[in-house]
Amino acid sequence: MSGEAPQHWRHPGYVAVLDLVAARAGLLPPSCPPAAMEGIDRAMARAGLPQDFAAYLTRLETDTAILDDLLVELTIGETYFFRNPEHFHFVRREVLPDLQRLRGPRHPVRVWSAGCASGEEPYSLAVLLLEEGYKDRMEVRGTDVSRAALARARVASYGEWSLRGTEAGRMRPFLHAEGKRYTLAPEVRDRVHFGYLNLAEDTWPSQSRGLWHMDIIFCRNVLIYLNRLTVEAVAQRLHATLAEGGFLIAGPSDPPLSGFAPFETIVTDWGVVYHRPAPGHTPRVHALRHFPARVIPPLVQSHSPPPVAPLPAAPPPPPRPSAVPDGLEGAKQALARGDWREAAQRAGALAEDPVAAAVAVRALANLDPRAAVRACAEAAARHPLAVELRYLEAMLLLGLGRLPESEHAVRQALYLEPSLAVAHLMLGHLRRRQGDLPGARRSFRMAESLCAALPPETPVLLADGERAGRLLEVVRNELTRLTALEEKHE
Ligand SMILES: C[S@@+](CC[C@H](N)C(=O)[O-])C[C@H]1O[C@@H](n2cnc3c(N)ncnc32)[C@H](O)[C@@H]1O
């Protein structure tokens, strides 16, 4: 944060506040400085210290309520009932039967919504469990860093906005209309226990707080706010909080986790599910009865028994082989001469290597773009830190006109490599095509400044040999086209 361009911030105090928030809550630098400054201004005013950064920083250090109040301004508490219904379908069709098989039919199911905001997510999970006959066999917890959101969750009174999802109707039997609002029936409300938790703090898993031995964790649309180091630590704690055989579901835009803890990764059409394998038990999803899912074994090996607080040190990822594997050169040459089948075959045999996986995807893209998208998603889940695979996935999805998915993939590439000029350029295209002209301008500007900072003859990363000077011209042409488009819209 301290390295941010000074013109973004009206006062250095904002940067100091955001540095403190990054250290205490692991938040990424805000993507929109003006909105962040407004939020900080509001929080400072509520603390009774408008414009007094020195005093406010001292209060932030010592008073967690003041810090929590600020976090609410810097993250979005948006949520609604049965958001991403495919996640709930997966739990019903795959996870619950699998847990029954593993633990027996009478075993209570332990569920945690981590970053639950105002409660719609854990209440949806409770309703799902009621629908499935787990009335007396469920333990559902919701935690969040926002005490205000937790207070709303406990009151459990909701407006229509919380019911905007396509499957929110499943809540209706448990809601009583009172004027323009709906009160949740005690039958559901009393089944969910709420508590404060800052995921960035090393205070969990914790048996005494009930945050341990979970069968199902939903941690959706929270990790997206956290910086890389915090995501890594949180992924390890989430793994440690799962019981053996448990499942973790993250949000569609959340960063990939499989490189950070020994999760088995289940790739589905709609995203990735993380599984903590139980020795000797094969998850039912192997049967692929309802979902075209693929199960990929853990990237990181587990060496320790399931920990409860205090948390043992997480095992480091095993070193990746550094030598170029035999055959990769041959695959690259086949790709260069346009022999796609040969390239795909040779590189496909080396799928453990992310460079080879990218060669295989490039070759496949020329044979069958849809198969290439699937292969790329699978390779990206297997090699979650491989920027090239995320970028290729974005390119392939763009080619198929699947713009929101392409945007998701390109954002993941940028999460891994924020200075990837070609990815900013692509994000600009995607935003323009989806009508977000100011967003497109920001992305093109970012690509422009990254290219302009390089000597013109420097090859640009992942730009297929394109040099910085030439790419700069391309980006500037895009900006000119965008200006013309904006004028037409005025
Ligand atoms: C967009 S909401 C997600 C709500 C719900 N999980 C969903 O997907 O609908 C993000 C929530 O994450 C919470 N949050 C952000 N940083 C957090 C942290 N470090 N620890 C715990 N919760 C955090 C915010 O307070 C907010 O309520």
Side-chain angles (χ1 to χ4, degrees), residues 18 20-31 36 39 43 60 64-88 90-91 111-128 140-154 158 161-168 171 192 194-206 209 211 214 216-238 241 248-255 270-271 273 408:
L18 291 167
L20 192 145
V21 169
R24 293 281 299 281
L27 286 205
L28 277 170
S31 53
L60 279 177
T64 50
I66 296 285
L67 178 68
D68 298 347
D69 183 62
L70 174 60
L71 289 181
V72 176
E73 293 288 355
L74 299 175
T75 60
I76 298 169
E78 258 308 296
T79 183
Y80 48 91
F81 290 112
F82 286 98
R83 180 181 197 175
N84 293 109
E86 60 280 6
H87 296 174
F88 295 88
F90 185 83
V91 170
V111 181
W112 176 25
S113 159
C116 65
S118 40
E120 288 88 332
E121 183 176 273
Y123 286 136
S124 303
L125 285 162
V127 165
L128 169 74
V140 185
R141 289 183 189 273
T143 61
D144 202 281
V145 76
S146 162
R147 292 178 209 271
L150 289 169
R152 287 200 298 281
R154 289 190 183 100
Y158 295 99
W161 190 233
S162 294
L163 289 157
R164 66 189 180 277
T166 49
E167 296 205 5
M171 296 302 299
V192 182
F194 290 100
Y196 169 87
L197 183 75
N198 180 352
L199 288 168
E201 285 175 355
D202 191 6
T203 53
W204 57 284
S206 159
R209 298 166 85 174
L211 299 176
M214 290 292 169
I216 301 169
I217 302 178
F218 270 44
C219 184
R220 306 187 304 165
N221 308 303
V222 183
L223 301 175
I224 196 162
Y225 296 110
L226 306 182
N227 60 40
R228 171 79 184 278
L229 276 179
T230 309
V231 169
E232 189 168 344
V234 170
Q236 290 168 2
R237 287 198 284 270
L238 287 170
T241 308
L248 161 67
I249 297 189
S253 306
D254 285 322
W270 41 263
V273 176
H408 174 217

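One-based numbering, in listed order, for ligands and for the atoms of each. Note: hydrogens, waters and symmetry copies are ignored here, and every other heavy atom, side chains too, is used. Counting from 1, the numbers follow the sequence of the chain as shown. What you see is a predicted model; the values in this text were computed from it and never measured.
The protein heavy-atom contact nearest to atom 26 (C) of ligand 1 is D144 OD2, 3.6 Å. The closest protein non-hydrogen atom to atom 20 (N) of ligand 1 is L199 N, 2.9 Å. Looking from atom 6 (N) of ligand 1 to the surrounding protein, the closest heavy atom is G115 O, 2.8 Å. For atom 23 (C) of ligand 1, the nearest protein heavy atom (residue, atom name, distance) is V145 CG1, 3.5 Å. What sits closest to atom 15 (C) of ligand 1 on the protein, heavy atoms only, is T75 CG2, 3.7 Å. Regarding atom 2 (S) of ligand 1, its nearest protein heavy-atom neighbour is I76 O, 3.2 Å. For atom 21 (C) of ligand 1, the closest heavy atom belonging to the protein is L197 O, 3.3 Å. Scanning the protein heavy atoms around atom 9 (O) of ligand 1, the nearest turns out to be T79 OG1, 2.6 Å.
T241 and W204 are not linked by any side-chain donor-acceptor pair at a separation below 3.5 angstrom, with hydrogens and angles left out of the test.
To the nearest 0.5 angstrom, N84 atom CG is 9.0 Å from T166 atom OG1. Taking OG of S113 as the reference point, atom CG of D144 lies at 8.0 Å (rounded to 0.5 Å). A distance of 7.0 Å separates CD of E78 from CZ of R83, quoted to the nearest 0.5 Å. Taken to the nearest 0.5 Å, the OH atom of Y158 stands 4.5 Å off from the CD atom of E120. Here the straight-line distance linking atom CG of L74 with atom CG of L28 works out to 11.5 Å at 0.5 Å rounding.
Interface atoms of ligand 1 facing V222, defined by a heavy-atom separation under 4.0 Å, are 12 (O), 14 (N), 23 (C). Distances below 4.0 Å separate heavy atoms of N221 from the following atoms of ligand 1: 1 (C), 3 (C), 7 (C), 8 (O), 10 (C). Taking a cut-off of under 4.0 Å to the non-hydrogen atoms of A117, the atoms of ligand 1 that pass are 4 (C), 27 (O).
Shown are V21, T75, L27, L20; of these, the side chain to side chain contact (heavy atoms under 4.5 Å, CB included) with L70 is made only by V21.
One N or O on the side chain of R154 and one on the backbone of F194 form a donor-acceptor pair closer than 3.5 Å. Remark: side-chain polar atoms of R152 are not paired, donor with acceptor, to backbone N or O of G119 under 3.5 angstrom.
For A25, the closest heavy-atom approach to ligand 1 falls below 4.0 Å.
Contact annotation for R220 and ligand 1: heavy atoms of both the backbone and the side chain come within less than 4.0 Å of the ligand.
Taking the centre of each ring, F88 and F81 stay at or above the 6.0 Å mark.
Residue nearest to atom 19 (N) of ligand 1, selected from N198, L223, D254: N198 (by heavy-atom distance).
At least one N or O atom of E121, backbone or side chain, sits closer than 3.5 Å to an N or O atom of ligand 1.
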